[in-house]
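For reference, the structure is listed below as structure tokens.
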Number of protein chains: 2
Amino acid sequence: MPGVFFPARFCGEAADPNELREFQKLAVQVRVAAGKTIFSEGELADSVFGLSRGFVRLYRLLPDGRRQILGFALPGDFLGMPINDRHPVSADTIGEVTLSRFSRLKLANFILSSPNVLRLLMEFAARQLEMAQDQIALIGRRSAEEKVSIFLVNWRSRLARITGSSEAVPLPMPRKDIADFLGLTLETISRTFTKLEQRKAIRILPKAVVMLTGLEQPPLLKGGTYDPHILL
Amino acid sequence: MPGVFFPARFCGEAADPNELREFQKLAVQVRVAAGKTIFSEGELADSVFGLSRGFVRLYRLLPDGRRQILGFALPGDFLGMPINDRHPVSADTIGEVTLSRFSRLKLANFILSSPNVLRLLMEFAARQLEMAQDQIALIGRRSAEEKVSIFLVNWRSRLARITGSSEAVPLPMPRKDIADFLGLTLETISRTFTKLEQRKAIRILPKAVVMLTGLEQPPLLKGGTYDPHILL
DNA sequence: CGAAACTTTGATCTCTGTCAAGATTAGTGG
DNA sequence: CCACTAATCTTGACAGAGATCAAAGTTTCG
């Protein structure tokens with residue numbers, strides 16, 4: 001997907017062209033190799049990032065080494081809240097990635113200067129919170145199979161934003177990442193995938209799945225988009 | 001705790017006295033009986049509320065009836081984001097409650113009129129998001145005993161804000177609520193309480209616990225306040 | 001005082017985690 | 001392009017934490 005225009009999600013359709021142009025000028029493009037850390041929890045947030053190409057996992061580490069993945073970012077998503085002094089989560093790349101890097105201070109000034117944009121940021125934050133709450137409900141009260149099914153359905157729907165919805169849905173992250181996102185082990189993820197394949201709900205491909213009919217069965221949250229990507 | 005001044009948390013110490021006074025004038029006091037619903041998920045958010053006295057649980061229902069509690073609000077907390085058209089969660093009272101009721105529109109106008117206040121709201125939202133993320137890490141990757149211990153420590157620390165820290169820590173919500181908050185069953189909560197009591201980490205009283213030394217042992221998230229109250 | 005709500009405890013079951021091999025896939029250098 | 005190594009994924013056997021089902025105890029409150 002070359003040419004993905006990153007602030008799509010953050011600035012939405014709002015903000016007038018002038019503001020947008022100026023916004024763009026604040027960014028510097030950076031490429032980061034696969035498996036690198038973009039920033040770590042607790043670090044000073046000098047920069048925040050727009051994700052132009054590739055995928056990123058956001059996570060926290062517990063003292064004993066367990067890892068909780070809070071979300072996967074995809075092109076168009078924003079990494080880092082301009083108002084936070086420090087990054088509350090860690091982020092690293094899944095595969096190679098292209099970022100638009102912003103000085104947080106400059107961006108914060110820009111945002112605070114425009115009530116318009118501030119309002120957008122506010123709405124962005126509210127959306128993030130809602131997604132986090134979706135994830136809490138997903139992790140807290142669901143069986144492994146429900147978790148995986150819901151994850152897949154959501155992932156496809158998020159991806160639809162940027163890919164012409166082809167047959168196979170790419171799954172760039174390893175099983176372990178999905179496990180740490182859903183609060184399961186990688187073995188359970190693998191077994192559940194296999195079970196779903198046997199049931200002809202999906203077809204497993206290398207780094208992708210094909211989703212057949214009968215996957216939406218698991219009871220989703222009422223009417224929600226159910227899109228737990230947390231990008232703070 | 002009579003006379004708790006509710007916007008403490010939301011408006012913080014900032015906002016000049018004039019603004020605060022005007023803010024106060026927007027509110028109407030309401031009393032709500034125990035076990036009543038204040039608002040429900042998906043409902044139009046005509047009003048938002050400050051909690052003056054009592055406790056409230058925020059939750060979502062899954063279609064099959066399972067319930068995920070997202071947080072407990074206590075005096076000083078705010079219920080409802082002024083920018084949301086609809087309530088993303090349900091809220092009901094635990095015991096009798098006193099609320100400051102605001103027209104959402106009036107409040108939104110007030111907020112948008114003052115960049116000062118808007119910024120505060122922004123920070124409030126960011127804090128909420130961080131708390132939600134804490135809760136995700138808590139629910140996703142912890143044993144029952146860790147969950148309960150961490151819950152108790154956090155609850156006490158939140159309560160310390162409003163009570164002179166006496167021996168017994170009040171626990172106004174029933175076991176089922178704690179269970180639905182932590183993603184466990186009420187039986188497991190009860191058994192874990194008993195285990196902690198046998199280990200002399202706590203003493204169980206009716207609607208309260210005394211927390212003895214040796215409770216903070218469970219590895220907390222590094223340096224976090226670990227205060228998962230979500231109030232959206 | 002008595003009924004309703006909440007809590008504790010017990011017995012049993014099952015889902016998921018853990019430990020351990022293999023099988024596949026991806027990556028690297030010749 | 002192939003061979004070899006490392007990483008990732010699948011599968012199995014087993015154990016255990018927590019769920020479920022059921023029945024007593026407590027506390028609360030009218």
Side-chain angles (χ1 to χ4, degrees), chain A residues 33-35 57 62 64-68 92-96 138-149 151-152 168 170-199 202-209 218, chain B residues 33-36 55 57 62 64-68 92-96 138-149 151-152 168 170-199 202-209 218:
Chain A
R57 62 178 157 255
L62 305 196
D64 60 357
R66 280 173 293 187
R67 178 182 67 163
Q68 176 68 51
D92 45 47
T93 58
I94 303 172
E96 195 183 287
L138 176 61
I139 286 179
R141 315 258 67 185
R142 298 288 191 167
S143 70
E145 196 179 319
E146 287 177 309
K147 289 181 183 180
V148 171
S149 302
F151 168 74
L152 288 176
L171 227 51
M173 74 293 283
R175 301 283 186 263
K176 182 66 162 59
D177 283 6
I178 301 176
D180 286 347
F181 180 66
L182 297 176
L184 297 168
T185 60
L186 80 173
E187 292 96 330
T188 298
I189 300 294
S190 186
R191 279 188 248 272
T192 308
F193 270 61
T194 304
K195 206 193 299 178
L196 290 174
E197 180 163 55
Q198 283 165 355
R199 176 176 313 181
I202 65 173
R203 225 149 53 74
I204 303 171
L205 306 175
K207 295 212 169 260
V209 283
Chain B
K36 297 298 178 199
F55 302 92
R57 64 179 155 254
L62 304 195
D64 60 357
R66 280 173 293 186
R67 178 182 68 162
Q68 176 67 51
D92 45 46
T93 58
I94 303 172
E96 193 181 286
L138 175 61
I139 286 178
R141 316 256 68 185
R142 298 287 191 166
S143 70
E145 196 179 319
E146 286 177 309
K147 289 181 184 181
V148 170
S149 301
F151 168 74
L152 288 176
L171 227 50
M173 74 292 284
R175 300 285 185 261
K176 182 67 161 59
D177 283 6
I178 301 176
D180 286 348
F181 180 65
L182 297 176
L184 297 168
T185 60
L186 80 172
E187 291 96 330
T188 298
I189 299 295
S190 184
R191 278 188 247 273
T192 306
F193 269 61
T194 303
K195 206 192 301 177
L196 289 174
E197 179 163 56
Q198 282 164 354
R199 176 175 314 179
I202 64 173
R203 226 149 52 74
I204 303 172
L205 306 175
K207 293 211 171 263
V209 284

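Lettering follows sequence order; numbering is per chain, from 1.
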Round to the nearest Å and state the distance from [X] atom [atom1] to [N] atom [atom2].
X	N	atom1	atom2	answer
B:E145	D:dG18	CD	C1'	13 Å
A:E197	D:dC9	CD	C1'	12 Å
A:L205	C:dT24	CG	C1'	14 Å
B:D180	C:dT7	CG	P	12 Å
A:R142	C:dT16	CZ	P	13 Å
A:L171	C:dA26	CG	C1'	16 Å
A:I139	D:dG18	CD1	C1'	18 Å
A:R141	C:dT16	CZ	P	13 Å

Charged N to carboxylate O under 4.0 angstrom, B:R199 versus B:E145?
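Salt bridge present between B:R199 and B:E145.
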Short N-O contact, B:R57 and B:D92, less than 4.0 angstrom
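Looking at B:R57 and B:D92, the cut-off is met.
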Taking all non-hydrogen atoms of both residues, which atom of [X] and which atom of [Y] are closest, and how far apart?
X	Y	result
B:I139	A:G140	CG2-CA, 3.7 Å
A:K147	A:G183	NZ-O, 4.0 Å
B:I204	B:R175	CG2-NH2, 3.8 Å
A:A168	A:L205	CB-CD1, 3.9 Å

Of the nucleotides D:dA19, C:dT16, D:dT10, which one has an atom closest to the side chain of A:R175?
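It is D:dT10.
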Given C:dT16, D:dG18, D:dT10, the nucleotide with the shortest approach to the side chain of A:A144:
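The answer is C:dT16, which lies nearest to the side chain.
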A:S143 vs A:K207, nearer the 5' end of DNA chain C by closest nucleotide
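The 5'-side residue here is A:S143.
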Does A:G183 reach a base, just sugar-phosphate, or nothing at all? Heavy atoms under 4.0 Å.
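A:G183: backbone/sugar contact only, no base atoms under 4.0 Å.
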At 4.0 Å (heavy atoms only), tell me whether A:I204 reaches a base, stays on the sugar-phosphate, or touches nothing.
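Here A:I204 touches the backbone only, sparing every base.
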Checking B:R66 against B:D180 for the salt bridge (Lys or Arg N to Asp or Glu O under 4.0 Å) test, could you report, in this order, the C-alpha distance in whole Å, the side-chain angles of both residues, the deciding distance, and whether it holds?
CA-CA 8 Å; B:R66 280 173 293 186; B:D180 286 348; over 6 Å; no
Upstream residue (5' side of DNA chain D) when A:F193 and B:L184 are each assigned their closest nucleotide:
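Taking each residue's closest nucleotide, the earlier one in sequence belongs to A:F193.
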Short heteroatom pairs, N/O only, protein and nucleotides 11-16 of chain D, under 3.5 Å:
{"unit_1": "D:dT11", "atom_1": "OP2", "unit_2": "A:T194", "atom_2": "OG1", "d": "2.7"}
{"unit_1": "D:dG12", "atom_1": "N7", "unit_2": "A:R191", "atom_2": "NH1", "d": "2.9"}
{"unit_1": "D:dG12", "atom_1": "O6", "unit_2": "A:R191", "atom_2": "NH2", "d": "3.2"}
{"unit_1": "D:dA13", "atom_1": "N6", "unit_2": "A:R191", "atom_2": "NH2", "d": "3.4"}

